[in-house]
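Report on one structure; see the data block that follows.
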Amino acid sequence: MSASGDASGLGAHGGRTAGAGPLLLGVRHHGPGSARAVRAALDAARPRVVLIEGPPEADALIPLAAEEDMRPPVALLAHAVDEPGRSAFWPLAEFSPEWVAIRWALEHEVPARFIDLPATHTLAWGRDEAGEGPTDRPDEPAAEAPETTGSETPGGRGTDGTDESADEGAAPGDGPAVHDAVRVDPLGVLAEAAGYDDPERWWEDVVEHRSAGQGDVFEPFTVLEEAMGVLRETYGTGGHDRDLVREAYMRLQVRTAQREFGDDVAVVCGAWHVPALRRKSTVAADKALLKGLPKVKADMTWVPWTHRRLSRRSGYGAGIDSPGWYGHLFGAPDRPVERWLTKVAGLLRDEDRIVSSAHVIEAVRLAETLAAMRGRPLPGLSETTDAVRAVMCEGSDVPLALVHDRLVVGDVLGEVPQAAPAVPLQRDLDRSQRRLRLKPEALERELELDLRKENDAERSRLLHRLRLLGVAWGEPAASRGSTGTFRETWRLRWEPELSVRVAEAGVWGTTVLAAATAKAESDAVSASGLADVTALAERCLLAELPDALPTVMQILADRAALDADVGHLAQALPALVRSLRYGDVRGTDTGALTEVAAGLAERVFVGLPPACAALDAEAAEEMRRHVDAVHGAVGLLVEVAAPGRGGGDDASAQAHRGLRGRWQAVLKVLSLRDSVPGVIRGRAVRLLLDDGELAQDEAARLMGLVLSPGTEPGDAAAWIEGFVGGGSGGGMLLVHDERLLGLVDAWLTGVSAEAFTDVLPLLRRTFSAYEPGVRRTLGELVRRGPGQRGSAAGAGSGIPGFGTGLDSDRADAVLPVVRLLLGLDDDHDDHDDDVAHADDNDLAGVAG
């Protein structure tokens with residue numbers, strides 16, 4: 001140990017020795033124990049410069065960490081200038097040793113510099129070696145490479161993939177063989193040697209539960225360096241050969257700082273790298289490793305980060321499952337267990353659970369007892385969690401999951417100052433967010449918008465424009481209590497990756513409006529199908545992009561004129577007609593859109609009957625969905641074309657109202673043509689019946705013909721599915737029309753055993769879509785048999801809606817309620833009882 005201490009530049013009692021070289025502080029990223037130890041070591045050593053593992057392009061951003069409105073967790077974001085989607089993050093929490101080192105340097109007016117491999121190489125390296133698998137950072141128990149986003153991230157993992165460009169085992173020129181090396185988890189090896197089966201628990205016991213300021217402040221770094229040195233001697237680079245390049249660059253930066261400041265240099269880096277930085281190496285050898293590295297032009301800035309993102313097992317932020325717990329350990333000045341369990345109690349009380357101070361006291365006692373039984377110096381997260389489950393949650397994991405989500409992980413979202421560099425589009429978005437009072441938050445929340453209010457309408461336009469740009473800050477949700485077009489519901493949640501999406505969208509314009517307009521025009525030109533263009537037209541109306549709409553409409557008209565596929569036309573019509581509704585609420589002129597929709601509908605009417613002939617089962621089901629969609633679209637088109645609804649004058653409205661008659665004529669053709677599949681014929685009959693264009697007797701006659709013995713069972717079952725299936729309320733139709741139910745029942749009981757096996761899956765799919773109550777009612781009706789008293793249809797030979805005779809049981813069931821409503825008392829005299837009894841008989845007769 002003494003040799004290691006001398007080599008580390010530390011005296012026998014922890015003091016600095018003259019000429020001993022730089023002070024190397026090996027840490028665990030995002031470790032509160034390491035953060036406290038770094039602060040104590042810096043206070044004791046008072047270096048003249050602090051070197052930190054991180055991209056040197058961010059040196060100019062370090063002073064921003066002292067701003068009042070800079071609140072961690074935050075992240076350094078690097079992105080390629082020519083390809084903004086290719087980016088990398090370096091997250092920092094309040095309890096990150098690197099953040100503590102930055103803040104210490106700023107508070108003591110000491111220069112701070114980043115010394116890791118530049119982001120210009122990191123981003124280019126990931127691009128040139130896309131497709132390689134991820135690797136773990138060796139000074140962490142899980143992957144902690146700078147996280148990247150973009151289509152070319154290694155392994156093709158998109159926004160959730162990790163860019164091993166800074167931490168992967170591949171030096172320039174190495175072949176794929178280096179990726180076959182065994183990856184080493186150093187904390188896992190050390191924990192196993194100490195008799196622990198959990199590296200996290202071992203780390204808590206030996207580091208997190210140590211109190212800073214007690215004993216030698218340099219000793220933890222000395223011991224950890226010695227341990228990492230032994231591991232590197234045993235395992236080499238542990239399958240992380242790319243670290244050789246990073247460490248060569250860091251050694252060069254340390255030498256540069258030593259020439260300027262002497263040995264009063266402190267280096268804060270991952271513990272795995274300390275032995276390599278201590279190792280003697282020539283400048284020529286280090287420069288040789290860096291020769292020929294690929295590079296791209298990169299920009300950097302600060303962006304907000306979240307605790308939830310730190311807990312994910314991908315990218316630089318991985319390796320800590322409990323950022324909220326670690327933040328508490330770092331921030332609690334004393335009695336961390338008591339303070340933590342008090343927090344838990346407050347959360348559970350807010351959720352209307354009965355938790356008293358006695359629960360907190362008992363939970364503290366239990367946590368301390370568990371720690372003693374398990375041989376731990378202090379209760380850790382596992383002990384406090386077990387205590388919360390047993391004492392405060394009464395053994396249930398349901399409230400415990402809330403504690404884990406809200407406190408152990410947490411929804412903390414950092415903030416960055418306005419002075420931080422940003423692309424113009426981000427600046428415009430920030431201004432819009434402040435003006436509309438839409439603050440980005442890490443916790444998902446619902447936002448109800450009333451589009452009749454100007455501020456809410458502007459919020460809606462902003463969210464729709466961002467979605468068009470691929471910035472999915474908000475997702476539309478179903479509105480509660482209203483189906484009108486004047487109300488919208490959004491689910492909002494800000495994720496750190498959205499900052500990358502904003503930077504990527506900056507190529508389309510400098511403001512949200514200009515960028516969304518340019519993106520919409522580009523999407524219209526490159527759209528692959530007619531339905532894509534109609535959907536884009538709807539999004540343009542929702543986002544209110546008047547400059548983009550003419551281009552989209554022209555392309556839509558051209559595509560519609562050339563597309564002869566009825567399926568494509570039928571698929572495009574509903575989205576186009578839905579767009580017409582926004583003329584009322586958003587004040588948009590939809591006259592041109594109405595004419596295009598009407599022309600599209602006419603083409604569907606002409607082409608649909610021949611397109612429905614000779615289809616297999618799968619194609620028939622798809623066409624049935626098109627028929628449903630067109631039916632709804634025609635009804636909506638007629639409605640919005642009425643005078644005063646944005647559809648034009650009276651003559652135009654009259655022409656559009658004629659669309660309904662022509663569509664009903666198409667449905668009649670489909671319902672009677674034998675070459676049309678049964679599922680489409682059945683649906684056509686059902687739609688005509690719902691519109692009042694077909695009498696119930698006629699619908700029953702058509703069903704009887706289809707369900708006759710001369711029809712193939714498979715075709716009959718398909719007809720039934722079309723008539724009463726597909727979530728169209730067919731179950732209630734059978735409940736209230738016993739004739740139709742009787743026809744289905746009679747047909748089904750007459751199907752042969754061989755044919756029944758074939759039609760059963762189709763029938764099961766039809767009836768399983770009904771609500772449980774509807775299925776139960778149908779079962780009771782079939783069990784009773786048609787025409788039996790008590791059926792839901794109220795069938796019988798008496799007055800419609802009334803039973804054919806007195807049902808005493810049903811009458812007796814309502815008598816107590818009627819007596820209560822009439823104010824009849826049980827203690828009346830005999831005369832009153834006789835009168836009441838007579839009244840009861842009369843009421844029973846009415847109820848029967």
Side-chain angles (χ1 to χ4, degrees), residues 428-441 444-494 498 505 511-517 519-520 523 533-550 552-553 556 573-594 596-597 629 632-633 635-648 653:
D428 182 67
L429 176 58
D430 291 341
R431 287 192 294 268
S432 298
Q433 290 171 334
R434 291 194 300 271
R435 178 171 54 85
L436 300 176
R437 298 187 297 280
L438 272 179
K439 183 179 180 181
E441 296 176 347
E444 182 177 290
R445 67 185 180 98
E446 281 197 357
L447 178 67
E448 296 280 351
L449 298 179
D450 186 343
L451 302 183
R452 296 169 296 186
K453 300 177 181 179
E454 182 56 32
N455 190 67
D456 281 3
E458 287 195 39
R459 289 177 170 182
S460 172
R461 288 192 286 269
L462 175 64
L463 293 172
H464 280 295
R465 288 168 183 173
L466 291 176
R467 288 192 76 228
L468 199 149
L469 289 170
V471 183
W473 176 22
E475 291 292 335
S479 295
R480 295 190 299 270
S482 175
T483 58
T485 57
F486 65 87
R487 187 174 297 278
E488 284 185 349
T489 302
W490 292 83
R491 287 195 185 95
L492 301 183
R493 184 172 190 167
W494 187 267
L498 297 180
T511 66
V512 176
L513 174 59
T517 299
K519 182 70 162 54
D523 287 349
V533 184
T534 55
L536 183 61
E538 181 179 15
R539 297 173 70 182
C540 287
L541 288 170
L542 290 169
E544 193 171 314
L545 303 177
D547 293 338
L549 197 57
V552 176
M553 290 304 304
L556 174 61
L573 182 61
L576 193 60
V577 175
R578 281 196 307 268
S579 304
L580 300 177
R581 297 178 298 173
Y582 309 130
D584 291 336
V585 179
R586 302 173 185 270
T588 307
D589 183 11
T590 58
L593 203 62
T594 304
V596 174
L636 187 58
L637 180 59
V638 173
E639 177 185 351
V640 300
R645 296 294 306 275

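Between A516 and L545 the shortest heavy-atom distance is O-CD1, 3.7 Å. The two residues A515 and A505 come nearest to each other via the heavy atoms CB-O, 4.1 Å. Residue R539 comes nearest to R467 through the heavy atom pair NH2-O, 3.2 Å, listed as atom of the first residue, atom of the second, then distance.
Partners of W473 by side chain to side chain donor-acceptor pair (under 3.5 Å), not counting sequence neighbours: none found. For R437, there are no salt bridge (Lys or Arg N to Asp or Glu O under 4.0 Å) partners at least two apart in sequence or on another chain.
For the atom pair L462 CG and E544 CD, the distance stands at 12.5 Å (nearest 0.5 Å). In this structure, the separation between OG1 on T511 and CG on L429 is 11.0 Å, given to the nearest 0.5 Å. The line from CZ of R465 to SG of C540 is 10.5 Å long, rounded to the nearest 0.5 Å. Separation of atoms CG (N455) and CG (L449) is listed at 9.0 Å; rounding is to 0.5 Å. Separating the CZ atom in R459 from the NZ atom in K453 is a distance of 10.0 Å, to the nearest 0.5 Å. From L468, atom CG reaches atom CG of L536 across 6.0 Å, with rounding to the nearest 0.5 Å.
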| said: side chain to side chain contact (heavy atoms under 4.5 Å, CB included), that's the test. Do R493 and R445 meet it? Break it down for me. | reply: CA-CA 7 Å; R493 184 172 190 167; R445 67 185 180 98; over 6 Å; no
| request: Quick one: do L451 and S460 satisfy side chain to side chain contact (heavy atoms under 4.5 Å, CB included)? Show the steps, please. | output: CA-CA 8 Å; L451 302 183; S460 172; 3.6 Å; yes
| task | Test salt bridge (Lys or Arg N to Asp or Glu O under 4.0 Å) on R491 and E475 and set out the steps. | result | CA-CA 5 Å; R491 287 195 185 95; E475 291 292 335; over 6 Å; no
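A heavy-atom distance below 4.5 Å is found between the side chains of Q433 and W494. Counting only heavy atoms from C-beta outward, the side chains of D428 and L513 never approach each other to under 4.5 Å. Within the 4.5 Å cutoff, the side chain of L492 has heavy atoms near those of the L463 side chain. Using a 4.5 Å heavy-atom cutoff, the side chains of E488 and E448 are not in contact. L447 places none of its side-chain heavy atoms less than 4.5 Å from the side chain of T489.
Taking a cutoff of 4.0 Å between a charged side-chain nitrogen and a carboxylate oxygen, K519 and D523 qualify as a salt bridge.
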